[in-house]
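Counting convention: from 1, in listed order, for ligands and their atoms alike.
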Amino acid sequence: MPARTDIPTPLCIAIIGSGLGGLSAAIALRRQNHNVTIFERYDFGGEVGASLSCASNGSKFLQEWDVPIAAAKPVKLKSLIMHEWESGEVQSRYDLGDYKEKFGADYNNFHRIDIHNVLKETALGSKGRGTPCVLKTWHRAVEINEDAGTITFENGATFSADVIIAADGIRSVSRGLLGITPSITPSTSCCYRCIIPASRLQELGLEKFVSSDAIEFWGGYGINKIVMSPCSGNEVVSTYCFYPASFNDLQQDGWNISTTGPDLVKTFPTLDPDVHKMFLHADDIKMWRLYVHEPYPYWFKGKVALLGDAAHPMLPDQSQGACQAMEDAGALGIIFSEQYNDLSIRQRLNLYEMTRKKRASRVQAASAKARTDLSERIGWSSKTDRSGKLTIEEICGYDMHAHVAELVTDLRSA
Ligand SMILES: Cc1cc2nc3c(=O)[nH]c(=O)nc-3n(C[C@H](O)[C@H](O)[C@H](O)COP(=O)(O)OP(=O)(O)OC[C@H]3O[C@@H](n4cnc5c(N)ncnc54)[C@H](O)[C@@H]3O)c2cc1C
């Protein structure tokens, strides 16, 4: 099909939000030679001290976009380990084996701040394909005209674009501006997160938590679950601790509600004493209220499409929220590449929704199931114990390029 002449190339693309999703989209679209401007309501204080495991379905896109992954000091995960809750004894292990050969990329465990910094530098820096993206901080989007493609900001500025990607997170304002009313229910679970330097663990005689290249679990069958993993080149150990919301009736939202080591110990009184010891010496202990979100009826309207947590907020129990945001960005990069220049912007945004909504909604549902049942989590899940379970093959073995090509063939022949 001949290239259309009514679509400007390169496109002027605006991205609302500079979290992991917005920055990934900026890089993917810059690599296709589009002009990208990112608008952030703050000045980048956003990311927090905690680990982020990035399975091959996210890491593959980081490779494809030439993101210097090593600069984010990942720990390459090799296994998942289950401990007995009280004694800490290892009960079972799932070895990832020849993961990279099988799925095309490592299972990287990042410190969230490290990967955020590397994505930001890649989006804005002069290295690599495409025009460096522009970042405008202190630009909070308050109004969107989806047909005209204009955004109005709280500071009075306005911006017009050919395409707008709304990556403004779990509490997205853009979603509401597009007419979507989210269904949000407080989860029965809350989560603590804490980090501790490897050097402190060594002083405490807990080097077994430092030398690991695994995600380590305690519990997970029921609400209580501890998930520990090393990040930042094994210099930091990060732990997520899930507990019943009724325990302290946390109502506040956000990532920055502080608590203390003794409070963590009190929350899990019968837990492995070595984990208790770690809790009592951990830094930066914060609480998180968790919510259950239902899928939205649509992901795009006019010239505006949702991405990342704005499109598919999910519970953290599949460790897939950011990976799915990277898949969204990957889809935009593929769909807005030259090979699909014959499609209109509307057709392309429709194709984006067709590529992404069903798959991300499935991961969203599987994350809710895995909240209280570890056997639903990829790695521990197996199709043989219940058909229809999400599996590591489905997530990590996915070929998006082929999927998009198939959808485009159908679209062109329709
Ligand atoms: C406990 C926990 C553990 C997790 N672990 C993992 C994991 O191991 N692996 C994984 O893949 N995922 C994980 N996730 C999920 C992952 O953190 C999120 O899915 C991901 O960070 C979402 O990125 P985002 O860019 O969509 O949203 P955000 O990171 O929330 O970014 C949104 C950005 O938009 C900005 N913004 C908001 N409103 C406006 C506005 N009106 N105008 C301009 N800017 C605005 C915000 O300031 C922010 O910078 C975890 C989540 C939780 C809660």
Inset, instruction - May I ask you to decide whether R356 forms a salt bridge with E327, counting only side-chain N to carboxylate O separations under 4.0 Å? - result: yes
Legend entry - Close approach, C323 and ligand 1, non-hydrogen under 4.0 angstrom: yes
Inset, instruction - State whether F300 and R346 meet the cation-pi test: NZ (Lys) or CZ (Arg) under 6.0 Å from the six-membered ring centroid, and within 45° of the perpendicular axis. - result: no
Inset, instruction - Run the numbers for me: atoms of ligand 1, each under 4.0 Å from some heavy atom of G19, listed by number. - result: 25 (O), 29 (O), 31 (O), 33 (C), 49 (O)
Inset, instruction - Could you tell me how the ring of Y291 sits relative to the ring of H293: parallel (under 30°), tilted (30 to 60°) or perpendicular (over 60°)? - result: perpendicular
Inset, instruction - Could you label the plane-to-plane angle of the Y243 and Y192 rings as parallel, tilted or perpendicular, counting under 30° as parallel and over 60° as perpendicular? - result: parallel
Legend entry - From D106, L77, L62, I69, residue fulfilling side chain to side chain contact (heavy atoms under 4.5 Å, CB included) relative to C54: L62
Legend entry - Contact (N/O only, under 3.5 Å) between R112 and ligand 1: yes
Legend entry - Check: C191 N/O within less than 3.5 Å of ligand 1 N/O: no
Inset, instruction - Could you tell me how the ring of F242 sits relative to the ring of Y240: parallel (under 30°), tilted (30 to 60°) or perpendicular (over 60°)? - result: tilted
Legend entry - Any C54 heavy atom less than 4.0 Å from ligand 1: no
Legend entry - W218 and F209 aromatic ring geometry - parallel, tilted or perpendicular at 30°/60° bounds: perpendicular
Legend entry - Geometric N/O contact G21 with ligand 1, under 3.5 angstrom: yes
Legend entry - Check: R140 N/O within less than 3.5 Å of ligand 1 N/O: no
Inset, instruction - Could you tell me whether A167 approaches ligand 1 through its side chain, its backbone, both or neither, with non-hydrogen atoms closer than 4.0 Å? - result: backbone
Legend entry - Structural part of D168 in contact with ligand 1, heavy atom criterion under 4.0 angstrom: both
Inset, instruction - May I ask you to decide if the ring planes of W299 and H312 are parallel, tilted or perpendicular, using 30° and 60° as cut-offs? - result: tilted
Inset, instruction - Say whether P316, considering both its backbone and side-chain N or O atoms, lies within less than 3.5 Å of an N or O atom on ligand 1. - result: no
Legend entry - Region of F39 engaging ligand 1 - heavy atom pairs below 4.0 Å: backbone
Legend entry - Residues E393 and K102 bridged, charged N to O under 4.0 Å: yes
Inset, instruction - Examine the proximity of ligand 1 to S53 and report which part, side chain or backbone, both or neither, has a heavy atom under 4.0 Å away. - result: both
Inset, instruction - Return yes when H139 approaches ligand 1 closer than 4.0 angstrom through a heavy atom, no otherwise. - result: yes
Inset, instruction - Could you give me the CA-CA distance, side-chain angles and deciding distance for D309 and R171, then say whether salt bridge (Lys or Arg N to Asp or Glu O under 4.0 Å) is met? - result: CA-CA 8 Å; D309 278 6; R171 294 282 172 200; over 6 Å; no
Inset, instruction - For residues H403 and Y398, establish whether the separation of their ring centroids is below 6.0 Å. - result: yes
Legend entry - Residue-ligand contact R171/ligand 1, heavy atom below 4.0 Å: no
Legend entry - Under 4.0 Å to a heavy atom of Y42 - the qualifying atoms of ligand 1, by number: 47 (O)
Inset, instruction - Run the numbers for me: atoms of ligand 1, each under 4.0 Å from some heavy atom of G308, listed by number. - result: 26 (O)
Legend entry - Best match, H312, R289, E40: closest heavy atom to atom 49 (O) of ligand 1: E40
Legend entry - Element-labelled atoms of ligand 1 that are located less than 4.0 Å from some non-hydrogen atom of L20: 21 (O), 25 (O)
